[in-house]
S.K.: 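Dumping the structure here so I can ask a few things about it.
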Amino acid sequence: MLIVTNFAGTRTEPFFTTTAPLFEQDTLGNLTLDFTVNKTNNEIGFNLLQEESIVTAANYTFRVKQIIDDKPGRKTILGISTFFDLAYHFKDNTYGGTHSSQEFVNYLFAGTGWTVTCDFTETATIDKFGSKNIVQCVNQVCDAFNCEFEILPNNRVHFSKSIGPDNNAQYRYGHNIKALSRKIDTNHLRTQITATGKEDLKVIYTSPNHTLWGLRKADPISDERFTIAEHLLKKAKDSLIDYPEVSFELDTLELLDKALGEKVWLIYEPIEGLELQTRILQRTCIVDELTDELKTITVKLGNSLPRSMSDNELDSEEELADTKEELEEVINESKKEFRSAITQTDNRITIEVEQLNKSIAMIDVKADSINMSVNNRITNEVAAINIRADQIQSTVSSQGAQLHGMDTRVANAESTITQQAHQITQKVSVTDYNGDTIVSKINQDAWSYTINAQRINLNGAVMVNGSISGSTDINVNRDVWIGRNLTFQGSGQNVIKFADMTYIASDGYGGLAIDLWGELDIQSSKTTFYGTVDFSNANVIGLNNSDGISFFQSSNNPKVLVVRKYGSDIGYLSMN
């Protein structure tokens, strides 16, 4: 949820937008937010959204600079970071001379309400530093120290030689790049420059790239701060643009977790074997209004953006007018809810349908493969099908997923089905926020069907026609039915056989037979027999007790037991 504060700062109100707020930031320091809001259910916030009001999103603050009322009860808003409010604050006093980078920025931002940090320690000379607005002074610092700045949440600004880390990430066409467009500009390409310093100091720098592009002289520069030729030569070299300015726009999931300014390797064979280290020069995000988090949807790579830092100097009406046309194009484009495109080249056809800032569906047809995907940018869910002549693979993945039927959210979840001519493989994996991964897998080929999982649930009748082998214990807490389902007596035996050739069998008439090679031991505190006990084919022994009483089968009649006490017959038991 976004929050609006009126220009006077006396009223604050949360509100929801009708389109996901679009957040755009680049390495030149530009930072904008645009969105559309309806009056319905947002009346108080809608009314507070006036010129120069402040909108807070993801802990960044933006000043409303442009409002388009194109329909009753609807507004399209464009805001720029409140950092550029500093263009209306002048440093009346100067702080010229030689100082460290931290000393210059501390002086510049003192009393502004902004926190400033600097991750490098150098000294430089800036004559008459001050007597300008703060944004212009920021450009002086960046020019003197050949550095960049980044606007951060909670009114913070950071200076660095090169914002963003270098993790040696690699992105390659056909592997982890989904879409790529290229823009090349050689208008500023020069290979030689002359620079003059103090007291007739003069240097000429010629770039090695003159062997590729010829000798192209740049406008000379002059800076009387320099008294040493080596330092002036470095200044001249840094001022020269001796390469084509190239930018690339990509829409790939693996790039969306990278930082602004981060260095990445780009390998793209279809563009003349392109292989170079670039940077993330711009990121476009949406603001999740439920979590107040930024979610990157596209990035631009390259060695240059087609804008200069002077775009940030919004201290005059003329500069505001220069950017008006571009801002209106951005707003008009953001008002479109859907966009589609068909791209056809000699080696591929690509079809895309996009609901801006929400989802995109794409079909990419090439001679050796067909790729189909749907990407929900709000929920971070992606479904894809990849078809090749030897394989079909379908994948569904989600980041920050809510598992069905469970309260627990997980960091990542993914399921895949891979079909080949000789086998089918299914896999489901879930990774929690501790980095622990649980995987289940089913693999089927012509010879076997293999299931790997922590738990396998079988519900319903399970029919087995063949042998069951293995050494795992079987734990059953319900009835066990063994053998054929007897519908009438005499239909056959059901047998449990043991490895030592002993068995337990039903006779098909309600009887039970136990066939043993050895002894049958029954141990219990009490054993009760019901019905007729037939010992006619048995030799009964050991029926003795402590009183000297014993039982023996009569030699004359097998159905009679002779009762003896201490060796003398005392009675008989009939077993009829």
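Computation of the quantities below employed the complete heavy-atom set of this structure, encompassing side-chain atoms and omitting hydrogens, waters and symmetry-equivalent molecules. Nothing fancy with the numbering, it's 1 onward along the sequence. Small disclaimer: the values here were computed from a predicted structure and weren't measured.
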S.K.: Kindly assign one of parallel, tilted or perpendicular to the pair Phe104 and Phe129, based on the angle between their ring planes and the thresholds 30° and 60°.
M.R.: perpendicular
S.K.: With sequence neighbours left out, write down each residue that passes side chain to side chain contact (heavy atoms under 4.5 Å, CB included) with Lys202, or none if nothing qualifies.
M.R.: Thr194, Thr196
S.K.: Run through Ile77, Leu2, Leu78, Thr61 and flag the one making a side chain to side chain contact (heavy atoms under 4.5 Å, CB included) with Leu33.
M.R.: Leu2
S.K.: Return yes when atom CZ of Phe120 has more than 12 non-hydrogen atoms of other residues, nucleotides or ligands closer than 6.0 Å, and no otherwise.
M.R.: yes
S.K.: Carefully, step by step, assess Thr278 and Val264 under the rule side chain to side chain contact (heavy atoms under 4.5 Å, CB included).
M.R.: CA-CA 5 Å; Thr278 63; Val264 297; 3.6 Å; yes
S.K.: Mind checking what makes side chain to side chain donor-acceptor pair (under 3.5 Å) contact with Thr10, not counting sequence neighbours?
M.R.: Asn6
S.K.: Check this for me: Lys161, atom NZ, are more than 12 non-hydrogen atoms of other residues, nucleotides or ligands nearer than 6.0 Å?
M.R.: yes
S.K.: Residues two or more places apart in sequence or in another chain: which of them pass side chain to side chain donor-acceptor pair (under 3.5 Å) with Thr123?
M.R.: none
S.K.: What residues, two or more places apart in sequence or in another chain, satisfy side chain to side chain donor-acceptor pair (under 3.5 Å) together with Asp200?
M.R.: none
S.K.: I need the full list of salt bridge (charged side-chain N to carboxylate O under 4.0 Å, His left out) pairs touching residues 79-108, with sequence neighbours left out, sorted by first then second residue.
M.R.: Arg63-Asp85
S.K.: What residues form a ring pair (Phe, Tyr, Trp, His ring centres under 6.0 Å) with Tyr205, not counting sequence neighbours?
M.R.: none
S.K.: Is atom CG of Asp69 surrounded by more than 12 heavy atoms (other residues, nucleotides or ligands) closer than 6.0 Å?
M.R.: yes
S.K.: Taking everything shown except Lys263 itself, do over 12 heavy atoms lie less than 6.0 Å from its NZ?
M.R.: yes
S.K.: Could you pull out all residues at least two apart from His231 that satisfy ring pair (Phe, Tyr, Trp, His ring centres under 6.0 Å)?
M.R.: none
S.K.: Go through the structure and list residues passing ring pair (Phe, Tyr, Trp, His ring centres under 6.0 Å) with Tyr60, not counting sequence neighbours.
M.R.: Phe23
S.K.: Would you please classify the geometry between the Phe149 ring and the Phe159 ring as parallel, tilted or perpendicular, with 30° and 60° separating the classes?
M.R.: tilted
S.K.: Please name all residues satisfying ring pair (Phe, Tyr, Trp, His ring centres under 6.0 Å) with Phe226, sequence neighbours left out, ordered by chain then number.
M.R.: none
S.K.: What residues, two or more places apart in sequence or in another chain, satisfy salt bridge (Lys or Arg N to Asp or Glu O under 4.0 Å) together with Glu148?
M.R.: Arg279
S.K.: What verdict does the side-chain hydrogen bond (donor to acceptor under 3.5 Å, both in side chains) test give for Ser160 and Asp119, after you've listed the backbone C-alpha separation in whole Å, the side-chain angles of each residue and the deciding distance to 0.1 Å?
M.R.: CA-CA 6 Å; Ser160 176; Asp119 63 7; 3.0 Å; yes
S.K.: Going by the rule side chain to side chain donor-acceptor pair (under 3.5 Å), which residues pair with Glu52 if we only count those two or more places apart in sequence or in a different chain?
M.R.: Lys65
S.K.: Can you tell me if CD on Glu224 sees more than 12 non-hydrogen neighbours from other groups inside 6.0 Å?
M.R.: no
S.K.: Tell me whether the count of non-hydrogen atoms from other residues, nucleotides or ligands lying under 6.0 Å of CZ in Arg11 goes above 12.
M.R.: no
S.K.: Throw together a table of side-chain donor-acceptor distances under 3.5 angstrom for residues 110-118, partners on residues two or more places apart or in other chains.
M.R.:
from	atom 1	to	atom 2	distance (Å)
Thr112	OG1	Phe109	O	2.7
Thr112	OG1	Trp114	N	3.2
Thr117	OG1	His158	ND1	2.7

S.K.: In sequence, state the C-alpha distance, the side-chain angles, and the governing distance for Leu49 and Val55, and then conclude on side chain to side chain contact (heavy atoms under 4.5 Å, CB included).
M.R.: CA-CA 8 Å; Leu49 282 167; Val55 174; 3.7 Å; yes
S.K.: For the residue pair Phe15 and Phe35, is the inter-centroid distance of their aromatic rings smaller than 6.0 Å?
M.R.: yes
S.K.: Working to the nearest 0.5 Å, report the span between CD1 of Ile193 and CZ of Arg216.
M.R.: 15.0 Å
S.K.: Between Leu260 and Thr27, does a side chain to side chain contact (heavy atoms under 4.5 Å, CB included) hold up when you go through it step by step?
M.R.: CA-CA 7 Å; Leu260 182 68; Thr27 55; 4.1 Å; yes
